[in-house]
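By convention in this document, chain letters (A, B, ...) are assigned in the order of the sequence lines, proteins followed by strands, and residues within each chain are numbered from 1.
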Protein chains: 2
Amino acid sequence: MSKQASEVAQGLAKQKGRTLSAIVELQIEQDIIDGLYRPGDRLDEEELAERLSTSRTPIREALRKLAAIDLVTIQPRSGARVSRPNMAQIIELFEVISALEGFAAKLAATRATDEQLAAIIAAHDTCEELAVSGDAKAYFDANGVFHRAIWTAANNLMLIDQITAVDKRLAPYRRQITFHPGRKQDSQSEHAQIARALAERQPEIAEKAMQEHVMILSDDALQLARDLRL
Amino acid sequence: MSKQASEVAQGLAKQKGRTLSAIVELQIEQDIIDGLYRPGDRLDEEELAERLSTSRTPIREALRKLAAIDLVTIQPRSGARVSRPNMAQIIELFEVISALEGFAAKLAATRATDEQLAAIIAAHDTCEELAVSGDAKAYFDANGVFHRAIWTAANNLMLIDQITAVDKRLAPYRRQITFHPGRKQDSQSEHAQIARALAERQPEIAEKAMQEHVMILSDDALQLARDLRL
DNA sequence: TTTGTATCTCTTGTATACTAGAGCTACAGA
DNA sequence: TCTGTAGCTCTAGTATACAAGAGATACAAA
């Protein structure tokens, strides 16, 4: 885990106007989302401090912030670990995000500007191409763009914050899902249904379609979590 | 602001198994929710440290955590203030919480145990009594109990976390709403509608009723925010 | 009077030193 | 061998010292 991260860390040019604490926070968060640190991994303060060439103070502040959004779990006098939700909690998180993303789709159906709608369609088209030709990683990224385009079209920044927060916690599990064979095709037809509902400005249909789309991911994620012996 | 808080702070018996940092966090959070610190108020580290009889370190960690959940806003090298969402953001937050609480009601309609349903009805009855006889503060608290009973009946802990997080941010605005004359009666009939839908196990109706109930609060909160010249 | 700038102050950001509790280790007794 | 406990070690929690940037202040020039 240390080699690659270390190099990334060295590349951290001291950014202006940002505190070390904030830079460290972003770095650790990204490492967790990227899977460099996996759920359950210990996050030793001194080790991190050395790796990121700072004192423990900014590390501690960063860990506290990550703990506040539940990406990290701190046991008093024992230390920080990457949070490892159990199966029940993963299901619950997917339920929450399905509700939030469903709501986003519902709002988007009535509020999306023409440009925002166009962006959604464009993202959908990209997914379509990559579903056939591209590699799994590319499709995963394109999928993210599609979803975020819908969040944006809801025109509610607080909602985006909220979805993003939950999304981060699910990242370690959600990441691998689209790699499953056959899933891409299914996902595409679901996306198509959602995109159509949005284009036709049908809030209820868009909401329901999105909710179901997300909950199907939940099943896959659970399978994955099971494979990882959670 | 300092007098009352100071006394509260002195009352902080050093709790076992809890870090100072955690105690301080809870204290500041409660002070914000209680309205002791109002949106926009400056949170001076040294002043807080003296008030709570600690060094700056636990204060800083607490403030960082509160900033992570957006209850506090930190401007680098300038300090922390109680977050002050603008009107648009308040509306957005109410939209988000209406979606989440609506979802909770929907889940509760199918998942609530008999005991949980009984608790909801009981809370509703308490509200009913207080709407007629009690003071505003008592009604506000009972209202909270009613809502939380529904969150609980959704049987999804992550959802509760999420709702709670948003609820905290709205606390300064939501707090005064039930004080408005006449609102209590309206609120009660809405509660009755929700309770009935839950008892009859009708998810869609419960969801819609809850969503509307919350969005009506939004209007009141906005009026309040306007009065406070936000 | 106003505006620009230099300096100074005051708070925050970071590092380091010190304290203390959790959990491991090793040894003694059953 | 197993179990309980003493103590030891190692990391986290807290305090304090030091650095640095933002914003205030005061003065000079237009």
Side-chain angles (χ1 to χ4, degrees), chain A residues 1-2 5 9-10 12-29 32 37 40-84, chain B residues 1-2 5 9-10 12-29 31-32 37 40-68 70-84:
Chain A
M1 94 180 42
S2 54
Q10 298 312 319
L12 280 180
K14 187 163 190 169
Q15 295 164 61
K16 214 186 60 180
R18 275 203 158 122
T19 64
L20 250 181
S21 175
I23 296 172
V24 166
E25 185 197 352
L26 286 176
Q27 181 64 44
I28 298 176
E29 177 181 307
I32 292 174
Y37 293 122
D41 279 358
R42 196 149 182 302
L43 298 167
D44 185 279
E45 293 180 1
E46 208 143 1
E47 189 183 307
L48 281 166
E50 191 173 3
R51 191 156 86 63
L52 303 178
S53 327
T54 71
S55 73
R56 277 174 55 219
T57 308
I59 303 288
R60 283 179 61 82
E61 293 186 351
L63 289 177
R64 289 303 181 291
K65 285 199 262 184
L66 294 174
I69 58 175
D70 281 313
L71 213 62
V72 153
T73 302
I74 295 176
Q75 199 93 40
R77 297 210 174 271
S78 160
R81 292 176 176 277
V82 178
S83 291
R84 186 162 66 158
Chain B
M1 94 178 43
S2 53
Q10 298 313 319
L12 281 180
K14 187 163 190 170
Q15 296 164 59
K16 214 184 60 177
R18 274 203 158 123
T19 64
L20 249 181
S21 175
I23 297 172
V24 166
E25 185 197 351
L26 286 176
Q27 181 64 45
I28 298 176
E29 177 182 306
D31 286 348
I32 293 173
Y37 292 123
D41 280 358
R42 196 149 181 304
L43 298 167
D44 185 280
E45 294 180 0
E46 209 143 1
E47 190 183 308
L48 281 165
E50 192 173 3
R51 191 156 86 64
L52 304 179
S53 326
T54 70
S55 73
R56 277 174 55 221
T57 307
I59 303 287
R60 283 179 62 82
E61 293 186 351
L63 289 176
R64 289 303 179 291
K65 285 200 262 184
L66 294 174
D70 282 312
L71 213 63
V72 152
T73 301
I74 295 176
Q75 199 94 38
R77 297 209 172 275
S78 162
R81 290 175 177 278
V82 179
S83 292
R84 186 163 67 157

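Rounded to an integer number of Å, the gap from A:E47 CD to D:dC10 P is 15 Å. Summarising the geometry, the separation between CD on B:E50 and P on D:dA15 is reported as 14 Å, rounded to the nearest angstrom. In this entry the distance linking CD1 of A:I74 with P of D:dG13 reads 7 Å, nearest Å. Distance CZ (A:R81) to C1' (C:dG23): 13 Å, rounded to an integer number of Å. Rounded to an integer number of Å, the gap from B:E25 CD to D:dG13 P is 13 Å. Straight-line distance from the CD atom of A:E45 to the P atom of D:dC10: 16 Å, rounded to whole Å. In this structure, the CG atom of B:L20 is 18 Å from the P atom of D:dA12, given to the nearest Å. In this entry the distance linking CD of B:E46 with P of C:dC10 reads 11 Å, nearest Å.
Between B:R18 and D:dT14 there is no side-chain polar atom (N or O) within less than 4.0 angstrom of OP1 or OP2.
One distance of note links CD1 of B:I32 with OH of B:Y37; it measures 8.5 Å at 0.5 Å rounding. Separation of atoms CD1 (B:I59) and CD (B:E47) is listed at 10.5 Å; rounding is to 0.5 Å. How far OG1 of A:T54 is from CD1 of A:I23: 10.0 Å, rounded to the nearest 0.5 Å. With values rounded to the nearest 0.5 angstrom, B:L48 atom CG is found 5.0 Å from B:I28 atom CD1.
Side-chain contact between A:P58 and A:E25 is absent, with no heavy atoms from C-beta onward closer than 4.5 Å.
Side-chain atoms of A:R64 do not come within 3.5 Å of backbone N or O of B:K65 as any donor-acceptor pair.
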Polar atoms only, N or O, under 3.5 Å: list the protein pairs with nucleotides 17-24 of chain D and their distances.
{"from": "D:dG21", "atom 1": "O4'", "to": "B:R77", "atom 2": "NE", "distance (Å)": "3.3"}

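Both A:S55 and B:A80 sit near DNA chain C, but only B:A80 has its closest nucleotide nearer the 5' end.
Salt bridge B:D44/B:R81: absent, no basic N to carboxylate O contact under 4.0 Å. Under the 4.0 Å criterion applied to side-chain N and carboxylate O atoms, B:E61 and A:R60 are assigned as salt-bridge partners.
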In residues 68-79 of chain A, what donor-acceptor pairs under 3.5 Å come from side-chain atoms, sequence neighbours left out?
{"from": "A:T73", "atom 1": "OG1", "to": "A:S83", "atom 2": "OG", "distance (Å)": "2.7"}

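Of the residues in residues 57-68 of chain A, A:T57, A:P58 come within less than 4.0 Å of DNA chain C through at least one heavy atom, sorted by number.
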